[in-house]
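By convention in this document, chain letters (A, B, ...) are assigned in the order of the sequence lines, proteins followed by strands, and residues within each chain are numbered from 1.
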Amino acid sequence: MEALLFYLVALVAVLSAFFVTKCRNPVNSALCLVTTFLCLAVYYVMLDAPFMAAIQIMVYAGAIMVLIVFVIMLLNIGSVGKSVYRHGLIWATGLGFLLFLIAAKFIAGGSVTKQVGTVTAQVVEDYGHTELIGKAMFTEFLLPFEIASILLLVAIVGAVILSKRKV
Amino acid sequence: MENLAQIAMESVNFQAIMPSLVLCCFGMVLLLVSVFLERGRTAPVAWLSVVALIITGLVSIGAWNEPQAGFAGSVVLDNFATFFNITFLIAAGLTILMSDSYLHREGYPVGEYYPLILFTTAGAMWMASGTDLMTIFLGLEVLSVSLYVLAGFFRGQLRSNEAGLKYFFLGAFSTGFMLYGVALLYGVSGTTKVAGIAQAIAAMPDAATNPMVIGGAAMLSIGFLFKIGAAPFHMWTPDVYQGAPTPITAFMSAGPKAAAFAAFMRVTYISLDSMQTDMSALFWILAVLTMTIGNFIAISQRDIKRMLAYSSISHAGYALVGMVAWNAVGFSGILFYMLVYTFMNIGAFAVLVLLGKKGEDNLTLDGVAGFGYKRPFLGVALCIFLFSLMGLPPTAGFTGKFFIFAGAIKAGYIWLAVIGVLNSAVSLYYYLRVMVYMYFRDPVEDYSWVKLEMATVVSILIAIAGVLILGVLPGPVMELAKLSVF
Amino acid sequence: MYNNLWLIPFFPLVGSIINGLLGKKIKNEKVIGSIGTLAIFASFLVSCQNFFGLLGSEQKVFQETVASWMTIGNLQVDWGFLLDPLSAVMIMVVTGVGSLIHLYSIGYMHGEVGFYRFFSYLNLFCFSMLMLVLGNNALVMFIGWEGVGLCSYLLIGYYFEKKSAGDAAKKAFVVNRIGDFGFLCGLLTLFWALGSKGVWTLNFVEISENAHLLQSGGLLVTVVTLCFFLGATGKSAQIPLYTWLPDAMEGPTPVSALIHAATMVTAGVYMIGRMNILFAMSPTTMMVVAIVGAATAIFAASIGFAQNDIKRVLAYSTVSQLGYMFLAMGVGAFTAGIFHLMTHAFFKACLFLGSGSVIHGMHHGYHHAHLHDDPQDMRNMGGLRKKMPITYITFLISTIAIAGVPLFSGFFSKDEILWWSFGSTRGHWGLWLIGAIAAGMTAFYMFRLVAMTFWGEQKTDARAKDHIPESPLTITIPLMILAFLAVVGGYVGVPAILGGANHIHHFFEPVFAHAQELYKIEAHGAHATEYALMTASVLIAFAGIGLAIYMYVKKPELPAKFTAAFSGLHQAVFNKWYIDELYDFLFVNPTKKIGTFLWRGFDVCVVDGVVNGTAWVVKGLSAGLRFTQSGFLHNYAAAMVVGVVVIVGYYVFG
Amino acid sequence: MISVYHYMILAAILFAIGTFGVLTRKNTIVIFMCIELMLNSVNLTFIALSRHLGNMDGQIFVFFVMTVAAAEAAVGLALIIAFYRNKESIEVDDFNLLKW
Amino acid sequence: MADNLLSLMTFFPILGMLVVLFIPRENGPLLKSTTLVVTLITFVLSLPLAFNDVFTVSGGMHYREFHEWINIGNYFQMNYNIGVDGISLWLVMLTTFIMPIAVLSTWNAVEKNIKGFMALLLLLETGMLGAFISLDLFLFYIFWELMLIPMYFLIGIWGGKNRIYAAVKFFIYTAVGSLLMLVAIIFVYYYAVQSGAPMNGFGIQEFYRLGIPAGAQYWLFLAFGFSFAIKVPMFPLHTWLPDAHTEAPTAGSVILAAVLLKMGTYGYVRFAMPLFPDALQTFIPLLATLSVIGIIYGSLVAMMQEDVKKLVAYSSVAHLGFVMLGIFAMNMQGMAGGMIQMINHGISTGALFLIVGFIYERRHTRLISEFGGLAHKMPIFATVFLIITFSSIGLPGTNGFVGEFLALMGAFESGLRWYAVVATTGVIFAAVYMLWMYQRVMFGKITNPANENLSDLSAREIVIMLPLILFVFWIGVYPNTFFEKMNPAMEQLLNQMESKQVALVEQVEQPAVAQLIEFK
């Protein structure tokens, strides 16, 4: 059952991912990408990370993709019909494939360590995923969290500066 | 819920992040200040940011020799970090000093420029002091994102846009690889703490053969190598350096590069120490490749800014030699070299800043013909920096190179050292050529537009002082560099 | 008592320096001339004192060290002087003849631009020559050896605006240098050879004391002596290095008299005399010396036949006479060699000065007539005996002397040489034959010279012929003195069989006897043979004289016939057997070609080509590599991915 | 039973596709989307691993990756807009000012 | 005073340079005279060395100064470690002696940017003096490279037509060699460290006692020797010299010939040979061959030159061939000959370049064909030129002879007999090319109207030449003044080289670093 679901979603994810690179129209690519994101969200749920799934949908599918589509519309280069691909398609395919081979090699050939933490599906059940995240975030990873805030600040300021029309 | 707050608080140690903390506070304050200043008035922000840097400098010096760890081991403020922090601060300081008049000349008097530099510096500091890949990664991102902005800062200039975009895309692209590496390492070690990974790998019997470890290490390195500008991940460097505003180019070539080295060294020498043979073999090749490509391509450049970009690639190569050596001398060599490089390279760019006209600060060799006679001070200054970049005594460039090559030779990498010196022999040519034009050609223009802006001159003077002092009496600083390695 | 040897070279040096530095200021020829003359005359007086002192004293070898020159490790060279019969005679000749020639020059060089320069050089030459003969070690000798070369360079090039003069000067010095190369090699070899035997020295006395350490007749000593002999051939204009001497006649006549007749060119002979012990140890070398000497003697004489330039004839006769001296040295007749050196100094100096006097007269005549003919061409002379009687008489006497007519000095010395070359243990009848023939030829061309110059009717251009005066006293007095010496000079060495005591022979014993006894060198034979040979040589001489008189006085048209008949031969002789051309073809031009090739071909193209080529390659690579930086984002990204794939792939799969 | 490796392989595929897209597309925005795709594949890896290893670090990391993605999106799009204003284009081939 | 005389002497020019930098650029005379005074004072400061008899008795280092400079514990340590012995003594003297002359020679030659010129000259002097007195390899290297910078500008700014090419060539060519030497220096240091030998920073006296394995020595000697051979320059590496000489301004050529070239030969004597004696033994045949080739080759090429300065430049190649041959003889005579020949070449060739400078100032050409018959117009010049010419030919009684003779004699006594014989032919060629040149320039009628009204040497020019001529004869007639101070040092050097070879034989096991030469 789970396996079936996995492969099904995987198929969708891969296909939509491929169409991201394939579609002539950026908007279509964007929509495909959203699809991929949703597939990933499904996986997150399957992996007992509902909170992440939620964020995935809200932040990615929601915020980021909306922003992108917004920009696409803004610049209204919706369907510029020039050739979509550059030359060197074969090279790119080859490289991508090689990359995958290598990755596969060190995934298949390599070995992840056994369980080190205490968080199991049961634990998630008991505490609730959000609380676990929050706890980790505000104890162990407090500093990165703060840095992230700075990062966002910088991004905002930068975006503002760059997109202002005149000084 | 209050117990959560307690748990949160006990792991907090503000000592450990004090420098970056100070910088960020100043940064935010300055953002507000620049909002309330009327249009086109940036000088106060500039000076305040210099003050900020000085204060931060004092703070970080205060942390010397008393290592502070904190935030559940995600950051540590040891001598290593402090040495680099000082380097970043100097880089930022020199940059800011040369920036203000430049921004006005180019018509972008935007106050947010300075806070961004401060945030960049803070990000660099997190990279240098982060002991958790998460911290390092986020530091790197803060650094990168603000650099994307700064590189594309002249939004009206196509060159600047292009620089920003190229930097952005390639940066993001490399981030992807880096993250993949982190993920793999996380997979094999179950943690993202530098020390934890080290233990895990050390505990692993087949670490050297486990593809996931090696792959993770390699992929992780790529992120850093990209920022360092090591071949074959160097290709963004010339374009971005050429297109970005000159002070930013100066800053990029010194600060972020140093930051990348800092993080790279910490990760490599702590987490991946057990993989020395593989890693230094990798670095050997990269070092040779990098310095050779940088030097060779630089020869055929006529645009001085772009030439310096290539030269900075080759210098990254020299620094990598120190990584190959994999011994204390080599490490502290890199620390020292980064400091030296900050002085000499930013100094050189500062001269270029003064040399440029509005809108066209990419001057070609012919653009400096006979320049040395018209503006003796700038001429001499540029000569000093170029000699230092060549690595000629009695300048700092020589002592720095000596330090690094000493490390390599001590470790027995004779050929590497030979290749290195032969490379710097090649580099002589294009550095000398600048002087050829500056002094051996007759002036075609009177360089009337060149004004000796006070702040910029100050930064040049500081750089000269640094270059000469580190060249003649490098002892004390070398000693510090020695005390800074783990 | 012999602590004033250093004065002998010192005076001329001072004179030279004074004239050289202040001459321009002084201007007054009298003063300059007298300074120069007095300087050399002073050293003549000192020489006399030392010479007669030496005659009187029992001890025959005196050394005087002024200062140390070089002291490094086992090498110790001093500024030292050596007085023994050999050097004593030489300094007498040098200073004596030198003084006369200085005196002569005052008159001869009258009105020249560089008068002071001339006297400065002349004094400098005397200094060098005296260093050469007085030095007590090979290095001091070498100073003189090269010093005289320098001075001959300066003096030949005295009329430096004439290209021929400049060339001749350069030629002289360079050819001498080739000799000096030999000398130097010999010196070094000798030093090392003796040193390896434990005696590190360059001092002549010590050398002759320790020479026996070397294996007699061994390769080493042969090499050493041959090297030295090469030096001698250069300095004394022997085959193959004689070519510079005739050209050297470009210099003023007094120079030719002093340097190229009396003193410098005899340095080689003197040097062999100085090293007689070494030469005696190597029969091979002695043979070479003898053969070269004999060959030179006859060869140069043959060229002398056909020259029309009065000084060139004398020059070739000098070469051939020097050949005689080397013949003497070669057969072990050291004494005879030096003896002939002395007599030759007298009559040849006299001859040159006489020719100078003639040229002076001719020049005066042409000058008066505003003609620019060559005053040295004998074909324009003739019948001058009436115009300049004193010159004529003295010249004739010396000619007789050189021709070897009995009772004149040349006879005694030449005869002794011939006798030794026949009878010496190192001699051979062939050598005697050549010598005798050469003697006859000498007699012939010398009288041809006299005939063309003084006898017959005057062929000088009509406008000039009556304005050729006799030369002033400053010129004629030296002539007379030298002529007198040319007559009596020989009587110090009258051979025993003519009832003479042969003083000079005994005088030289302390120098030569040692070697001659040690290595069995003596001339032995019946008195009958000696008489026979003597008469034979005399007859040959007279035959030559007679032939000359017959051809140039009785039947003046004959020579033309001969040249017509044997035109090819005459051309060859007239052009000095084309030796200069040969040398140019063999050595000079190839060297220049090689030099040019090495520079333009090798140095610029190959050596520098490699250097610039490297730079070029680097630039080329750079120009190519920069295009990897295409500016396209995709390429950059692709490069990164390739990097990743290669690096990671290498580690994961490798 | 679906193991962590399945997830990682899937992630690897997505990563490769993303790379492929970056290398091939001309449209800058699409390129950016491909990069996002790569980041997401990494996220998947992280979460899968975090689940397998049983600690939260991976998920936290994903959290930050998302932040970063957002930040980059903001800045990157701003850059693209600025470029568009000057060049009226968002094709990467039009980044051709700086080369050699 | 006496205890830091050397430092004073060495760094005084730099002080002078600072002074010069504060003189307004327009005030040419003041600039020149200040520089002259500075160089003269430096010369005076160096005089006590020449008159100190301690050199006659002991061959060790004197006027030692030692301060710790950089000390990074187990990393590395450099010291300010200087001193003078009989070998460097006369080179130091030569430097301080030549500098005022060089300054005087540029009195009218340099018009543009006098200030920079003078400043660079002074900087250069410090560099040269420092290189001669350093006893610490690192310190030596610093001075060694420091010399490049001013020379580069001297050639490049004030040089002739082709100056840029010449300057860059000079710079890069020399730098390549020295960079390789740097690697070798560092290697020697770490070898010493890991072999646990007693050491004193990069102090050479300690390194002398090092027993470096033969395998490593070869490479090290190659690195050192290559760098020095370029500077000398030895045969195949000489092509930078003619360019640099022809293009450089008179003062530049003088200093280049008189002092900078000696750096190479001095480097061999002081560093390359005593540090790596048994590598030396292997390389002597090669080096001697190159020296001899240099002698013949230099002479032949010089013979055909059309440019007087180029001719002199190539003659330098020949002269330094004699120097090298003498040094490689490895015995007293040879060493002494080589050392004195260094001084001679400094004086004679320096003087020749001055002379070329004189006529160049008058005619602004150096082509032999442009001249001819100058002797008419310039008798004093002719005399001076003649004296120098013959000193360069090596006429006995002048300095040249002493040097060449001793060098040849040394070579003859050592194994290099046949080399010596070949080299001796050099004396013939020397005569040929020098005299030919002299004849073509000075003799004959004045053919070129431009030469009709040339002025004879001015008082200044005579003053410049007189001291040189004085030394030409002094060294020629009484060289013992110099030898007596050299001999002890040379003896010590030679003994110590021999003893070290002996020591090397019995030494057996090498520390691991010996294998470092198996390169990674």
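Closest approach of B/Leu165 and D/Leu79 over heavy atoms only: CD2-CB, 3.7 Å. Nearest heavy atoms, B/Lys166 versus D/Phe95: NZ-O, 3.7 Å. What you find for B/Phe177 and D/Met38 is that their closest heavy atoms are CE1-CE, 4.2 Å. For the residue pair D/Val42 and B/Ala183, the shortest heavy atom distance occurs at CG1-CB, 4.3 Å. Pairing each heavy atom of B/Gly190 with each of D/Asp57, the nearest pair is O-OD2, 4.3 Å. A pairwise comparison of heavy atoms in B/Arg306 and D/Lys99 identifies NH2-C, 3.0 Å as the closest pair.
Under the 6.0 Å cut-off for aromatic ring centres, B/Tyr180 and D/Phe15 qualify, their centroids lying closer than that. Aromatic pair B/Tyr186/D/Phe61: ring centres not closer than 6.0 Å.
Between D/Phe32 and B/Phe169, some side-chain heavy-atom pair lies under the 4.5 Å cut-off. No side-chain heavy atom of B/Glu162 sits under 4.5 Å from any side-chain heavy atom of D/Lys87.
D/Asn86 contributes atom CG, which lies 4.5 Å from atom CG of B/Asn161 (distance to the nearest 0.5 angstrom).
Of the possible polar contacts, none joining the D/Asn55 side chain to the B/Thr191 backbone as a donor-acceptor pair under 3.5 Å is found.
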* To do: Output, in order, the C-alpha distance, side-chain angles, deciding distance and verdict of side chain to side chain contact (heavy atoms under 4.5 Å, CB included) for B/Phe137 and D/Val68.
  => CA-CA 10 Å; B/Phe137 171 67; D/Val68 168; 3.7 Å; yes

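Heavy atoms of B/Met212 lying under 4.5 Å from chain D belong exclusively to its side chain.
Among the candidates B/Leu184, B/Ile297, B/Val149, B/Val182, the residue making the largest number of heavy-atom pairs closer than 4.5 Å to chain D is B/Val182.
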